[in-house]
Amino acid sequence: MADKLILIDGNSIAFRAFYALPLLKNQSNLHTNAIYGFTLMLEKLIKEEQPTHFLIAFDAGKTTFRHETYKDYKGGRQKTPSELSEQFPYIRKLAEAYQIKHYEQDMYEADDIIGTLAKEATEKQLETIIVTGDRDLTQLASDYVTIYYTKKGVTEIDKYTPQFIQDLYGFEPKKIIDLKGLMGDKSDNIPGVPGVGEKTALKLLHEYGSVEAVLENLEHIKGKKLNENLTNHKEDALMSKQLATINIDAPINVTLADTLLPEKDESRKIALFQELDFKQMLEQLDSTTQVKEEKEIIINEAFNSFDFSSAQSMDIRIRCFQDNYLKNEIIGVGICVQGETFVVEPDTLVHNISFIEALKSSDVNKFVYDAKETKVLFNRLNIEIQGIAHCMMLATYLLDPALKIIDVAQSAQLHNVHYVESDEMIFGKGAKMHVPEQHILFKHIAAEVNAIHEVSPIQLEKLKELEQVELLTELELPLALVLAEMEMQGIKVNKETLKDMQNEIQVRLDGLVTRIHDHAGSTFNINSPKQLGVVLFEDLALDSPKKKKTKTGYSTAVDVLESLVGKHPIIEDILLYRTLSKLQSTYVEGLQKLIGEDGKIHTRFNQVIAQTGRLSSVDPNLQNIPVRLDEGRKIRKAFVPSEADSVIFAADYSQIELRVLAHITGDKGMLDAFNQGIDIHTKTAMKVFDVSKEDVTSNMRRQAKAVNFGIVYGISDYGLSQSLGITRKAAQEFIDNYLESFPNVKAYMNDIIQEAKQNGYVTTLLNRRRYIPDITSRNFNLRGFAERTAMNTPIQGSAADIIKLAMVHYNEQVKETDFKARLLLQVHDELIFEVPKAELEAFSLFVKNIMENAMDLDVPLEVEYNSGESWYEAK
DNA sequence: CTGATCACGC
DNA sequence: GACGTACGTGATCAGT
């Protein structure tokens, strides 16, 4: 392969990258957009050009030999923003990681270094590419030298060959300096000749050939003003040409031989990309260059005879098919212990008593990927696993809750362990999902358990740095075990109750469908927003100020429909149809499908999804069972105790988020309200409307409640305007008024935004962390959203911390009692239990006490509770 | 199979 | 003034 040299104008490309990309930041708050752009450029060049020689030239210090000619050279330039200057050291590091020579020379600019080397390369007939965002360098174009000029972004370029320049300007590359001499260069503060721009300069050069020739032929040049300017600025023109001329004999200490690229070694790239959080780059590195390393796997009978009794720690990966570990088949268990890796079928486990003993021993530390799943699966094998010391999945989540957690492979890759295949590769996806041949499966499980072994210590180090070890070991890990028990316990759902509802609702739905079709004069699918939109706004030609379009047609959302009430009788029928069909399909029918043979529903709680630290619930979602409208609330009648003589018992925190807000901000008005037991919405109304308690109308309280709601959920002025049905301006005034009324809250909101900008993240009371990269975005929406996230996450996240802590405390303490009660569900600020009637009174106080004392705040936490024959009655 | 729309909870 | 607006799960439709 022929030799090829690439010369990069480092400063110029860094500037281009900086302005082309949004302001990115890594976890330690370093801006990385210029570095990232630079990296993209390097990758592209290496891949497409395959250079053998490479050099990145930088400008040295402020003064250069050009300043001797003209002291104002590059004068009047804006100061380099600090967001960019902090990146320059890393761009040099980047060069080093790529094993590319970088060079700068006192008193000279990158241009001169490049020019000098290009000359040497040309003498040796070496093909050369110069990469720059500065047109000056195009003067160097020749048969051997092509200039890659960045056009847009960092990777879109024009290739300046002599021919390209000829076509563009009508002269050879060297004449670029004459062009600059006449027209000057604003960015470098090169004066040129006043009144001469690109057009005039080109015309003159085409006629006379050079600056000198133009000046010698002044008498022939027409145009009084032009002639006068040229005459008066002869010196400027000559000086400008001199300034624009690149020195190709600079006294540099670098030769072509120094630019030779050594043998490829990616190791330093990995370390740097990790420091910079260039996750995509790391992945690419993996897929293109990394050799898959694999430990030897022992899939063997040796497991049976291996003695686990001296093991102090093990890595365990137990797997079932697909994601529902509560019922799907268990297909393999991987164990990493004392340097050996075993993978066995679940039936094999029981043959090794020492292994079972080790599993049950809390003295043997277990490192796992998913603590909750592991606990459940071993439980299904009738083994009580103890001593789970680390959960790789939870650690991944705590380190960055924004990550979409997928599988061991993905978690491992974040810590640069690349030998695990993705689950999708092994099992396939969608309808084609299947258990692969055993040797493939076992190899995969072995890779997973090895990755757990390798990655867990790295994660623990990271967690230590972020002071999150306690959050993992004292909160999330013990919580995972509580959740496992809740999932296995399940909640009894009475199928008959749902069946009866289903029949009743179906009759009403059938009637509504007929009536709606009659009103419309045609039969159509009411469930199709698209068809419904056409019927309402075209066939019936209804109109309302709320009428709006979505990407696919008219919006038929509830607020639009409500604005049409009274204009046509069809609307009320549609609204009712909507409500009932949602109830029917999602709840009445949906829930029945999930009732198991034990008559119970076993939801699964997802502990690693919500950005704020809340839990979520799937298969089914039992955190959004209707409650607001009685029609829907009746669904809860089907949720009943599983044991005789028991009741459903629900205990919920009252206003937990606003109490957290009062605690965090220390706002006196708010603290007082909670400490004196005044209704917080009334108190808010008193403050915002500046009236006494007696004068707070129900409407005032309703509005105050909406504002409090907005504060808790971080909604925008727009969101508030929607929920109150007022203008956005009025909503903004409300918010302003609110913040004036609670000055410490206002101060907190400002401080937390500053903090987010400073650190790049916000934290909760228990040091849960959420990164907010968009807080510095120049996009108004993204930034606004980020600001509301910064304000809201510490509140909602701390509330989540508190109830999680209460659950862990509950689990610890209930073991010391004789209560037979069972924790069934968590719904963000409430816990649902089933409790034998005989112990109800004592248990109520027990739970209330634990919940109210979960954490010590500057305001009391208050818990209300109720019980009844079903969840419906426990209100 | 994916994206859009809608609706339910906190 | 932009532009699309707390989070999460699930059902359904309508494109590929």
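Predicted model only: the values in this text are computed from it and were never measured. Lettering follows sequence order; numbering is per chain, from 1.
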Which residues share a side-chain contact (heavy atoms from CB on, under 4.5 Å) with A:Q531, sequence neighbours left out: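 Partners of A:Q531 under the side-chain contact (heavy atoms from CB on, under 4.5 Å) test: A:F524, A:N525, A:S528.
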For A:A480, all residues meeting side-chain contact (heavy atoms from CB on, under 4.5 Å), sequence neighbours excluded: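 Per chain and number, A:A480 pairs via side-chain contact (heavy atoms from CB on, under 4.5 Å) with A:A371, A:K372, A:L394, A:Q607.
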Roughly how far apart, to the nearest Å, are [N] and [M] at atom [atom1]?
| N | M | atom1 | result |
| --- | --- | --- | --- |
| C:dA2 | B:dC6 | C1' | 27 Å |
| B:dA7 | C:dT5 | P | 16 Å |
| B:dC8 | C:dA6 | C1' | 15 Å |

Contact class for [X] vs. all strands (heavy atom < 4.0 Å): base, sugar-phosphate, or nothing?
| X | value |
| --- | --- |
| A:V558 | sugar-phosphate |
| A:S555 | sugar-phosphate |
| A:Q611 | sugar-phosphate |
| A:S581 | nothing |
| A:F785 | sugar-phosphate |

Distance-only side-chain donor-acceptor flag, A:Q584 / A:Q506, under 3.5 Å: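 A:Q506 and A:Q584 do have a side-chain donor-acceptor pair below 3.5 Å.
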Donor-acceptor pair between A:D736 and A:Q732 side chains, under 3.5 angstrom: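 Yes, a side-chain donor-acceptor pair sits under 3.5 Å.
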Start and end of chain A contact along DNA chain B [non-hydrogen atoms, under 4.0 Å]: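 Answer, 5' to 3': B:dC1 to B:dC10.
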Cationic tip of A:K549 above A:Y554 ring, under 6.0 Å, 45° of axis: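 Pair A:K549/A:Y554 counts as cation-pi.
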Ring-face cation contact, A:Y872 with A:K875, 6.0 Å cut, 45° max: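 Yes, a cation-pi geometry.
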Contiguous Watson-Crick or G-U pair runs (3 or more, under 3.5 Å) in DNA chain C: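 Output for stems: B:1-9 with C:7-15.
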A:K567 NZ: over 12 foreign heavy atoms closer than 6.0 Å: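 Yes - once you tally the heavy atoms of other residues, nucleotides and ligands closer than 6.0 Å, there are more than 12.
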Please state how far atom [atom1] in [X] lies from atom [atom2] in [N], giving the value in whole angstrom units.
| X | N | atom1 | atom2 | value |
| --- | --- | --- | --- | --- |
| A:K549 | C:dG4 | NZ | P | 17 Å |
| A:I601 | C:dG10 | CD1 | P | 12 Å |
| A:I715 | C:dT5 | CD1 | C1' | 10 Å |
| A:N708 | C:dA6 | CG | P | 17 Å |
| A:L720 | C:dT5 | CG | P | 17 Å |
| A:Q607 | C:dG8 | CD | P | 15 Å |
| A:F709 | C:dC7 | CZ | P | 12 Å |

Sub-4.0 Å heavy-atom contacts from residues 613-640 of chain A onto DNA chain B, ordered by number: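 Those residues whose heavy atoms fall under 4.0 Å from DNA chain B, taken from residues 613-640 of chain A in numerical order, are A:R614, A:Q623, A:N624, A:I625, A:P626, A:V627, A:R628.
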Pairwise side-chain contact, A:R702 with A:L724, heavy-atom cut-off 4.5 Å (strictly under):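 The answer is yes, as the side chains (C-beta and beyond) meet within the 4.5 Å cut-off.
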Close side-chain approach of A:S798 to A:L766, heavy-atom, < 4.5 Å: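 They are not in side-chain contact.
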A:N792 vs A:R783, nearer the 5' end of DNA chain C by closest nucleotide: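 In this pair, the answer is A:R783.
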Aromatic ring pairing A:Y771/A:Y761, orientation class (parallel under 30°, perpendicular over 60°, tilted between):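 Perpendicular: the ring planes of A:Y771 and A:Y761 meet at over 60°.
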A:W871 and A:F639 aromatic ring geometry - parallel, tilted or perpendicular at 30°/60° bounds: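 It falls in the perpendicular class, over 60°.
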Heavy-atom protein contacts under 4.0 Å, nucleotides 11-16 of chain C, coded B base, S sugar-phosphate only, - none: SSSSS-
Aromatic contact, A:F734 with A:Y738 (centres under 6.0 Å):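 No; A:Y738 has its ring centre 6.0 Å or more from that of A:F734.
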Aromatic centroids of A:Y810 and A:F833 separated by under 6.0 Å: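 Ring centroids of A:F833 and A:Y810 are less than 6.0 Å from each other.
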A:K634 with A:E504: basic N within carboxylate O range, under 4.0 Å: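 Here A:K634 does not pair with A:E504 in a salt bridge, since their nearest N and O are not under 4.0 Å apart.
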Atom pair CD1/CG of A:I491 and A:L824 - distance to nearest 0.5 Å: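 Atom-to-atom, A:I491:CD1 and A:L824:CG are 5.0 Å apart.
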